[in-house]
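Some notes on the structure that comes next.
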Protein chains: 2
Amino acid sequence: MIGKLVFFYNLSQTIIMSQRERILDIAETSMRARGYNAVSFREIAGEIGIKSASLHYHFPKKADLGLELVKRYSENFRTALNSATENAANPIEKIEAFIDLHRNALIEQELLCLCVVLGAEARSLPEDVNSSVANFFQSNINWLTDAYQDAGFENAPSRAKAGVATLAGALIASDSLKDNSVFEAAADSVLKS
Amino acid sequence: MIGKLVFFYNLSQTIIMSQRERILDIAETSMRARGYNAVSFREIAGEIGIKSASLHYHFPKKADLGLELVKRYSENFRTALNSATENAANPIEKIEAFIDLHRNALIEQELLCLCVVLGAEARSLPEDVNSSVANFFQSNINWLTDAYQDAGFENAPSRAKAGVATLAGALIASDSLKDNSVFEAAADSVLKS
DNA sequence: GCTTGCCTATCATGTGATAGGTTGTTATTT
DNA sequence: AAATAACAACCTATCACATGATAGGCAAGC
């Protein structure tokens, strides 16, 4: 068996999802829920229905899986961001879309941002995983800087740094307190001029 | 041997630090650097120079250690906050002191906030550890709400939620990027009216 | 026939945890 | 004062289990 039939509700078509993608999906969900060090090969494999040794065929080391996970997450995040902003009427709507991506993670998916979780475990991560996480934060800061600039906000770079930090922390605090109003308060502050 | 002589620079006196405190100190440093799941009894014991079995004498289960850690951290944080704000000339200085506690962790100690780290691992933590972490966030939000209120800021509760989130996320992003300007930008936004 | 994707079996190491013994100090009794 | 009980704080030894990882085999499909 090469691929498994997966029905993508929003595409209304049947596509082939590779086993590799399936592994990444499950690993991502697990790590976003419990962190890098709390997730094991056996657990991921078990959820798919294969043996942990088979996982090593796709990802020889855990660091390989972690690295690929962060890269894919960053790409998907950027893709979703582009797709959500291409019809934006103004820069403010773009920023709202940026916030929405975080809100969606917390409220719909009930998960944190992968890079926020891994960022908290930074010193126990393989080095290249770590720097990929840093890249995610930096590229988000850059993106948000541009958006603030376009919106005519003052101190766009500083505001963008604060904005990325605010959303990251809002996910953690909101999730810990099981109180989405924390996220909404944070979202407001990111939009405030 | 019951205690070890420890010189407290700011007290100019020699006190006895219990082994229990020493264990908590090392466990706190380790967990704030690498997270709950990356820290083992053997590692903590090794750093002190005892065996891991002896650790279980002081803290039977890892959850006991974790819980005690969060409680002690919360108390110490509150104590430091009170001590730093008792001479504050105005509410703004109080908020600055609140920010300074976070800045000190990141820049002087080169560590994150314990509860920020544990918050990111929430779903893999023992339940009572988890709710203690939530208590930390809530009491910080309450404290900051009062401070904003005293300072005459509008929407103090919402602002406080955003402020706590911002500082939490700033620690992670700043640490990951090894760029303290992220923290400073976040700190500015917390102070901004 | 080569590649892909899985399998079984195994490995060394790390993990939290327990049982039971040893030592030195402190408190109580004789 | 001496003997004894009690306790705190460690130890050794061991446990069952989880972990990441490797070697080698097997079947399907191009």
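Every chain is numbered from 1 and lettered A, B, ... according to where its sequence line falls, protein lines coming before strand lines.
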Have a look at A/Glu28 and tell me which of A/Arg22, A/Lys71, A/Arg72 forms a salt bridge (Lys or Arg N to Asp or Glu O under 4.0 Å) with it.
A/Arg72
Rounded distance in Å - CD1 (B/Ile50) to P (C/dT23)
19 Å
Nearest 0.5 Å please: distance from the CG atom of B/Asn104 over to the CD1 atom of B/Ile99.
13.5 Å
Interatomic distance where CZ belongs to A/Arg22 and P belongs to C/dG5 [whole Å]
11 Å
Does A/Tyr148 have A/Arg159 sitting over its ring (NZ/CZ under 6.0 Å from centre, angle to axis within 45°)?
yes
Enumerate the side chain to side chain donor-acceptor pair (under 3.5 Å) contacts for residues 52-64 of chain A, please, sequence neighbours excluded, ordered by first and then second residue.
none
Please list all pairs passing the side chain to side chain donor-acceptor pair (under 3.5 Å) test where one or both residues lie in residues 170-179 of chain B, with sequence neighbours left out.
A/Arg123-B/Asp175, B/Asp179-B/Ser181
Given atom CD1 of B/Ile44 and atom C1' of C/dT15, what is their separation to the nearest angstrom?
13 Å
Not counting sequence neighbours, which residues clear ring-ring contact (aromatic ring centres under 6.0 Å, His included) with B/Phe59? List them please.
none
Send over the distance from A/Ile23 CD1 to C/dC6 C1', rounded to a whole Å.
11 Å
Roughly how many Å is it from NZ in A/Lys51 to P in D/dG25, rounded to a whole number?
20 Å
Whole Å only: how far is the CD atom of B/Gln19 from the P atom of D/dA8?
15 Å
Which residue pairs pass the side chain to side chain donor-acceptor pair (under 3.5 Å) test with at least one member in residues 88-102 of chain B, sequence neighbours excluded?
B/Asp100-B/Arg103
Would you kindly give the CZ-to-C1' distance between A/Arg20 and C/dG5, to the nearest whole Å?
14 Å
Determine: side-chain N/O of B/Tyr57 to OP1/OP2 of D/dA9, distance under 4.0 Å, yes or no.
yes
Which whole-number value in Å describes the distance from B/His58 NE2 to D/dC7 P?
17 Å
dist B/Gln138:CD -> B/Thr145:OG1 (nearest 0.5 Å) comes out at 8.0 Å
Considering only nitrogen or oxygen atoms on both sides, find all protein atoms under 3.5 Å from nucleotides 16-20 of chain C and state each distance.
residue: C/dG16; atom: OP1; partner: B/Val39; partner atom: O; Å: 3.4
residue: C/dG16; atom: OP1; partner: B/Lys62; partner atom: NZ; Å: 3.2
residue: C/dG16; atom: OP2; partner: B/Phe41; partner atom: N; Å: 3.0
residue: C/dG16; atom: N7; partner: B/Arg42; partner atom: NH1; Å: 3.1
residue: C/dG16; atom: O6; partner: B/Arg42; partner atom: NH2; Å: 3.2
residue: C/dA17; atom: OP2; partner: B/Lys62; partner atom: N; Å: 2.7
residue: C/dA17; atom: N7; partner: B/His56; partner atom: NE2; Å: 3.3
residue: C/dT18; atom: OP1; partner: B/Lys61; partner atom: NZ; Å: 2.9

Compute the angle between the rotation axes at the two ends of the helix from C/dG1-D/dC30 to C/dT30-D/dA1, each taken over five pairs, rounded to 10 degrees.
10°
So how far is it from B/Phe77 CZ to B/Phe136 CZ, rounded to the nearest 0.5 Å?
4.5 Å
